[in-house]
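Beneath this line is the structure, given in structure tokens, with notes to follow.
Position 1 is the first residue of the sequence; numbering continues from there.
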Amino acid sequence: MLVYMIYDKSNGEIVHMHRNVDINGRSYTCTEEEIQRMIPPHIDQKSVGFISAELEQPPSGRQVKMSVDVTKNTLIKTFIDKDAPIGKKE
């Protein structure tokens, strides 16, 4: 499935994920203009970039933290250790 990720150019944090699916459930590509329209209105368009990737299933945020290496414009998947203790925020 083709997934588009809009990310903050300053730190690679993904701020929005989007996929286009037709009536039969097949993903299809977007034009750059369509991707620009996907950017949430509260985000400055000049501060973000986009990347697309074929993913079998967009991963759960509980299993994988995804970000973008802004120097290489590549997707980074960091697997979350589900057995790690949850730290308290102070």
Side-chain angles (χ1 to χ4, degrees):
M1 150 184 343
L2 183 59
V3 179
Y4 293 90
M5 288 150 279
I6 297 171
Y7 65 91
D8 186 322
K9 289 179 185 177
S10 68
N11 60 15
E13 179 184 353
I14 293 174
V15 297
H16 184 70
M17 293 177 75
H18 185 83
R19 64 188 177 115
N20 280 347
V21 181
D22 68 15
I23 195 166
N24 297 312
R26 294 180 299 236
S27 61
Y28 61 94
T29 59
C30 295
T31 65
E32 193 164 335
E33 182 180 282
E34 289 170 321
I35 294 167
Q36 293 293 329
R37 287 195 304 255
M38 291 178 210
I39 299 171
H42 66 280
I43 295 175
D44 177 19
Q45 289 196 4
K46 294 177 185 173
S47 69
V48 295
F50 71 90
I51 187 171
S52 62
E54 282 287 339
L55 302 174
E56 287 183 29
Q57 174 85 19
S60 163
R62 295 180 187 168
Q63 298 169 332
V64 178
K65 178 174 179 359
M66 293 179 35
S67 59
V68 174
D69 180 330
V70 295
T71 59
K72 298 178 183 174
N73 199 36
T74 57
L75 186 62
I76 301 170
K77 295 180 190 175
T78 305
F79 291 90
I80 298 169
D81 181 359
K82 67 179 181 181
D83 297 324
I86 299 173
K88 293 183 181 178
K89 293 184 179 181
E90 295 181 23

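- With L75 as the partner, the side chain to side chain contact (heavy atoms under 4.5 Å, CB included) test is satisfied by one option alone out of D69, V3, I14: I14.
- By the rule that hydrophobic residues join a cluster once side-chain heavy atoms approach within less than 4.5 Å of another member, I76 and M17 end up as members of separate clusters.
- Environment of CD in E33: sparse, with no more than 12 heavy atoms of neighbouring residues, nucleotides or ligands closer than 6.0 Å.
- Note on Y4 and L55: separate hydrophobic clusters, where clusters join Ile, Leu, Val, Met, Phe, Trp and Tyr whose side-chain heavy atoms are under 4.5 Å apart, directly or indirectly.
- Between the S27 side chain and the M1 main chain, no donor and acceptor come within less than 3.5 Å of each other.
- In the hydrophobic clustering of this structure, I35 does not group with V21; members are Ile, Leu, Val, Met, Phe, Trp, Tyr whose side-chain heavy atoms approach within less than 4.5 Å, directly or through other members.
- Using a 4.5 Å cut-off between side-chain heavy atoms of Ile, Leu, Val, Met, Phe, Trp and Tyr, with links allowed through other members, L2 and I6 fall into the same hydrophobic cluster.
- M38 and M5 are not part of a single hydrophobic cluster, where members link through side-chain heavy atoms under 4.5 Å apart.
- Separation of atoms CZ (R26) and CG (N24) is listed at 4.5 Å; rounding is to 0.5 Å.
- The shortest heavy-atom contact between E34 and T29 is OE1-O, 4.3 Å.
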N/O donor to acceptor pairs below 3.5 angstrom from side-chain atoms of residues 44-52, sequence neighbours left out:
unit_1: D44; atom_1: OD1; unit_2: K46; atom_2: N; d: 3.3
unit_1: Q45; atom_1: NE2; unit_2: Q36; atom_2: O; d: 3.4
unit_1: S47; atom_1: OG; unit_2: D44; atom_2: O; d: 2.7

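- Each side-chain hydrogen bond (donor to acceptor under 3.5 Å, both in side chains) pair with one or both residues in residues 7-17, not counting sequence neighbours, appears once here: Y7-N73, D8-S10.
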